[in-house]
Amino acid sequence: VQHIGVLTSGGDAPGMNACVRAVVRMAIYRKVKISGIMRGYAGLLAGEMKPMDLGSVGDIIHRGGTLLRTARCKEFYEPEGQERGARRLQEAGIDGLVVIGGDGSFRGAQALMRHGISVIGIPGTIDNDIPGTDYTIGFDTAVNTVLDAINKIRDTATSHDRTNVIEVMGRRAGHIALLSGLAGGAESILVPEVPFDVDVVCARLMRGHNRGKLHSIILVAEGVGSAVELGKQIEQKTGLETRVTILGHIQRGGSPTATDRIWASQMGSRAVDLLLAGKSGLMLGVRRGELVEVALDKAMTERHGLDQELYQLAGILSI
Ligand code: ATP
């Protein structure tokens with residue numbers, strides 16, 4: 001590989017900047033040309049790319065979001081768009097690409113591979129819903145953001161003797177809800193992977209209330225359904241005053257945690273080395289605390305299931 005391009009695509013996630021920084025700086029360290037492509041595949045098709053130097057990624061390691069910006073791009077679903085994207089890269093002399101994003105972004109990357117571009121994927125999404133890896137960049141920050149919110153809501157919940165329903169991100173996956181709920185001591189954690197019964201949730205609530213508990217937190221992943229509706233149902237069924245908080249996009253922002261920055265740095269630099277070693281079609285991941293390489297196909301065909309042991313544990317400890 002003579003010239004590496006890097007782009008961020010799909011939803012943004014804290015730690016993407018640390019990753020871009022690692023790609024750029026490792027490429028420069030290895031003396032290979034490096035360009036940043038703006039706004040994902042949309043920017044690629046529009047030819048928005050620029051050579052990166054050491055300073056171009058200065059002062060971003062601690063910032064959320066992505067300085068390369070990100071976008072969704074309809075044209076890239078079509079073979080013509082993909083071909084045009086590959087041509088853009090070839091015209092710029094870019095023969096290796098690092099794609100930081102989710103599974104959709106990896107599908108786009110695979111299309112480019114079919115046109116002769118070497119690609120390495122890096123999982124960047126707060127949802128942690130990518131198969132082949134225990135962890136995605138941004139997940140740790142999102143969990144800590146939710147945890148911070150739970151702590152704050154707990155303070156006021158205790159003072160007023162209220163039940164709080166908190167809705168967190170996760171349309172397809174309950175990883176954020178599970179980890180932040182376990183760490184935050186939520187009474188119930190409702191996730192798309194596990195069917196729930198509102199009467200069981202209410203029974204748990206009443207059991208806590210009857211033993212003198214002053215607050216209860218119910219964490220709901222957005223894929224489960226409307227938190228507002230759930231809050232109403234709980235209030236009706238239990239008679240307990242219930243408040244609903246939808247955390248929304250604050251979960252996508254914020255300065256990345258040390259964990260996110262460190263994995264992002266390792267993944268970004270390894271991606272460069274893989275390209276330079278002639279590798280392609282791989283995604284970087286973390287398995288049992290170690291950096292691993294996984295076939296890109298695997299990252300798209302399987303599902304990253306919920307950690308059932310942790311889920312059970314959360315249920316036992318919040319009784
Ligand atoms: P997240 O789920 O975190 O938002 P993602 O990468 O899965 O991340 P998508 O919106 O699915 O987000 O994909 C990002 C972009 O990747 C799309 O806008 C599109 O340009 C491209 N893409 C997605 N799926 C495909 C596909 N099947 N073929 C080609 N390109 C695709």
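Counting starts at 1 for both ligands and their atoms, in listed order. What you are looking at is a predicted structure, and each value in this text was computed from that prediction instead of being measured.
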With atoms numbered from 1 as shown, which atoms in ligand 1 lie under 4.0 angstrom from a non-hydrogen atom of [X]?
X: Gly102; value: 5 (P), 6 (O), 7 (O), 8 (O)
X: Arg72; value: 4 (O), 9 (P), 10 (O), 12 (O), 18 (O)
X: Gln82; value: 28 (N), 29 (C)
X: Tyr41; value: 16 (O), 20 (O), 21 (C)
X: Thr125; value: 3 (O)

What protein heavy atom sits nearest [atom], and how far away is it?
atom: atom 6 (O) of ligand 1; answer: Ser105 OG, 2.4 Å
atom: atom 17 (C) of ligand 1; answer: Tyr77 OH, 3.7 Å
atom: atom 1 (P) of ligand 1; answer: Gly11 N, 3.7 Å
atom: atom 15 (C) of ligand 1; answer: Ser9 OG, 3.5 Å
atom: atom 11 (O) of ligand 1; answer: Gly104 CA, 3.5 Å
atom: atom 27 (N) of ligand 1; answer: Arg107 CD, 3.2 Å
atom: atom 20 (O) of ligand 1; answer: Cys73 O, 2.7 Å

[atom1]/[X]: more than 12 non-hydrogen atoms of other groups inside 6.0 Å:
X: Arg207; atom1: CZ; result: yes
X: Lys213; atom1: NZ; result: yes
X: Glu91; atom1: CD; result: yes
X: Arg171; atom1: CZ; result: no

Would you tell me whether [X] and [Y] have side-chain atoms, one donor and one acceptor, within less than 3.5 Å of each other?
X: Arg261; Y: Thr141; result: no
X: Ser318; Y: Arg204; result: yes
X: Ser35; Y: His3; result: yes
X: Asp140; Y: Thr257; result: yes

Subject >> Option whose closest heavy atom lies nearest to atom 30 (N) of ligand 1, chosen from Gly124, Ala13, Gly108 >> reply: Gly108

**OP:** Hey, could you give me the CZ/CG distance between Arg87 and Leu45, rounded to the nearest 0.5 Å?
**Re:**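 If I round to the nearest 0.5 Å, the distance is 10.0 Å.
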
Original post:
Heavy-atom contact under 4.0 Å between Gly40 and ligand 1?
Top reply: no

Original post:
For Thr242, which of Glu235, Lys232, Arg162, Gln233 qualifies under side chain to side chain contact (heavy atoms under 4.5 Å, CB included)?
Top reply: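 The passing option is Glu235.
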
**OP:** Answer yes if a protein heavy atom lies under 4.0 Å from atom 22 (N) of ligand 1, otherwise answer no.
**Re:** yes

Original post:
Is there a donor-acceptor contact under 3.5 Å from the side chain of Asn128 to the main chain of Phe139?
Top reply: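 Between the backbone of Phe139 and the side chain of Asn128 there is no qualifying donor-acceptor contact (under 3.5 Å).
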
**OP:** Indicate, as side chain, backbone, both or neither, the part of Phe76 found under 4.0 angstrom from ligand 1 when only non-hydrogen atoms are considered.
**Re:** both

Original post:
Ala111 to ligand 1: N or O pair under 3.5 Å?
Top reply: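 No, since none of the N or O atoms of Ala111 sits under 3.5 Å from an N or O of ligand 1.
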
